[in-house]
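Down below is the structure, laid out as structure tokens.
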Number of protein chains: 2
Amino acid sequence: MSIPTGAANVAERRNMPPTLAVSTVIFGIRADKKGRTQLWLPLVRRIRQPYAGRWALPGGPVGARESLGAAGARTLAETTGLRPCYLEQLYTFGDPDRSPTQRLVTIGYFALVTEEQVGATVEDENVAWFAADDPELENLAFDHRQIIDYALWRLRNKAEYGQIAHRLLGERFTLAQLRAVYEALLGKELDPANFRRQLNATRSIEATDEYLAGGQHRPPRLYRYTGTSHDPLEVDTTL
Amino acid sequence: MSIPTGAANVAERRNMPPTLAVSTVIFGIRADKKGRTQLWLPLVRRIRQPYAGRWALPGGPVGARESLGAAGARTLAETTGLRPCYLEQLYTFGDPDRSPTQRLVTIGYFALVTEEQVGATVEDENVAWFAADDPELENLAFDHRQIIDYALWRLRNKAEYGQIAHRLLGERFTLAQLRAVYEALLGKELDPANFRRQLNATRSIEATDEYLAGGQHRPPRLYRYTGTSHDPLEVDTTL
DNA sequence: GAGGTTAGAGTCATTTTGACATTAACTAAC
DNA sequence: GTTAGTTAATGTCAAAATGACTCTAACCTC
């Protein structure tokens, strides 16, 4: 697949300074049709050329006096209304030909939102959530498909799953919810008893004295994440 | 520590497009005074303002029609003469105030060279190798100290140490050399017997039928790295 | 109150790990 | 030569971690 570029574009591009933009891959969990918790991500429809009408990652240009992380958080809020509880820099994509109209360097970001935030999103014809394995993702603008692939790789290769999982679940969660997240990320089933034992061995999960009532069966205890370590690349989103 | 910025600079910066540059942290191993293998990295002396005369990471501006990885490899060769056997993107530093004279966005790269390449470097008053814990590293230009810190963090948190270690050692190596690299990276001593057993358990290291002669003692067998997996962010430097 | 379902604790054989002992192979000093 | 000294490589064993499984507790619905 190659995009035709006119001679004028190439000549023009040679003298233009690179445009700096950010794009963010936001992951959240949501139950699929079969009730299994799966990874989802929101996309926005492009309204301008190039790739007008195609789905793309939320993002936009970096402001002249704005830090890169701030640009990621801002464009995310502007396009989707989401304020993620986790944001980190992913990778910078700068191939000379990744945009047909200009030299475009995009700093990719990686964000996590809770299940609650996923449910509260207002979707319309220009903003929607897609499952991570939705075939629609094959037709994205620019190289956004590759950005998502890399974000998935990063997510699955994180050293500390506990931290990631708790960002997707929010403040309090049951061990079954946590296990479902791990299973979605790892792509395999885990033994509930052994899973519990391993989490108890670490100090990063703490039992609260609350229980999740209202379920069909025995109410599970709620837990809290108490880990302190964090990636040095995490962006502070508390501002 | 804050660098004074004149009002003219600030005003000017507001209307100037961001400058795109690359900087590379290159790691190699070399024996320190006590004969222990340690991590070293090369720095170059800045000849222009800002920070003229200070040590800095090798790098330079990204060409108009050049990919980011190519810019990393090129500036590295131009400033130090090194052609690394491993190169990957590290992080993009883009704080609005990281350069006192302009909006400067720098894509940091991370490279590894073999012990042999370290020894073959020509050092002069403007290019020199420094141990990773050299106090001189506290006085670098820009935020280059932080870039190095992040590169060290990344190095130590790599999923596959075997791959990293073999890039630092070259094609063939003894288990003692490999263990010395692991010990330098992990910062602790490893039991030679257990180290051997764990490597044999993986398929990524293969014994050759050659031995390293000329040592003081029983000659050790030479091994070869046969692993295939690689990070998706690795830049192809075979061009 | 009975049956169904999930939460959570416990058991046990197997595998992995860390610590240490033993043997093999070479060089240098005598 | 022979021996002492040093490193390479293999072997042993107890402790710890893991995987597969059983058992009991607590809630809901009917």
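To find a chain, count down the sequence lines: A is the first, B the second, and so on, and within it residues start at 1. Since the model is a prediction, treat every value here as computed from it, not as a measurement.
By the side-chain contact (heavy atoms from CB on, under 4.5 Å) test, B:Val181 pairs with B:Ile29, B:Ala165, B:Leu168, B:Leu169, B:Leu185, sequence neighbours left out. For A:Gln216, the side-chain contact (heavy atoms from CB on, under 4.5 Å) criterion is met by no residue, not counting sequence neighbours.
Protein atom CZ of A:Arg179 is 11 Å distant from nucleotide atom P of C:dG8, rounded to whole Å. For the pair A:Leu178 CG and C:dA7 P, the computed distance is 13 Å after rounding to whole Å. Atom CZ in A:Phe173 sits roughly 16 Å away from atom C1' in C:dA7 (whole-Å rounding). If you take CZ of A:Arg218 and C1' of C:dG4, they are 15 Å apart, rounded to a whole angstrom. As rounded to whole Å, 12 Å separates atom C1' of D:dC27 from atom OH of A:Tyr211. B:Glu189 places its CD atom 20 Å from the P atom of C:dT17, with the value rounded to the nearest Å. Atom-to-atom, CG of B:Leu212 to C1' of D:dA8 comes out at 12 Å; the value is rounded to the nearest Å. For the pair B:Leu199 CG and C:dG18 C1', the interatomic distance rounds to 16 Å; values are reported in whole Å.
Shown here for B:Gly59 and B:Thr79, the closest heavy-atom pair between the two residues is O-CG2, 4.1 Å. Nearest heavy atom pair, residue B:Arg83 against residue B:Gln117, reads O-NE2, 2.9 Å.
Between B:Pro42 and B:Thr121, the closest side-chain pair of non-hydrogen atoms is not below 4.5 Å.
Scanning atom types as modelled, one donor and one acceptor separated by under 3.5 angstrom connect the side chain of B:His217 and the base of D:dT6.
Using a cutoff of 4.0 Å between basic side-chain nitrogens and carboxylate oxygens, B:Glu123 and B:Arg30 are scored as salt-bridged.
Residue B:Arg196 has a polar side-chain atom (N or O) positioned under 4.0 Å from OP1 or OP2 of D:dA9. Of the side-chain N and O atoms in A:Gln216, none sit less than 4.0 angstrom from OP1 or OP2 of D:dC27.
Taking every side-chain heavy atom of A:Ala176 into account, C:dA7 is the closest of C:dT6, D:dA9, C:dA7. When the nucleotides C:dA25, D:dA26, C:dG8 are ranked by their closest atom to the side chain of A:Pro219, D:dA26 comes out on top.
Relative orientation of the A:Phe27 and A:Phe110 rings is perpendicular, given thresholds of 30° and 60° on the angle between their planes.
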Any protein N or O atoms within reach of nucleotides 10-13 of chain C? Criterion: under 3.5 Å, listing atom names and distances.
none

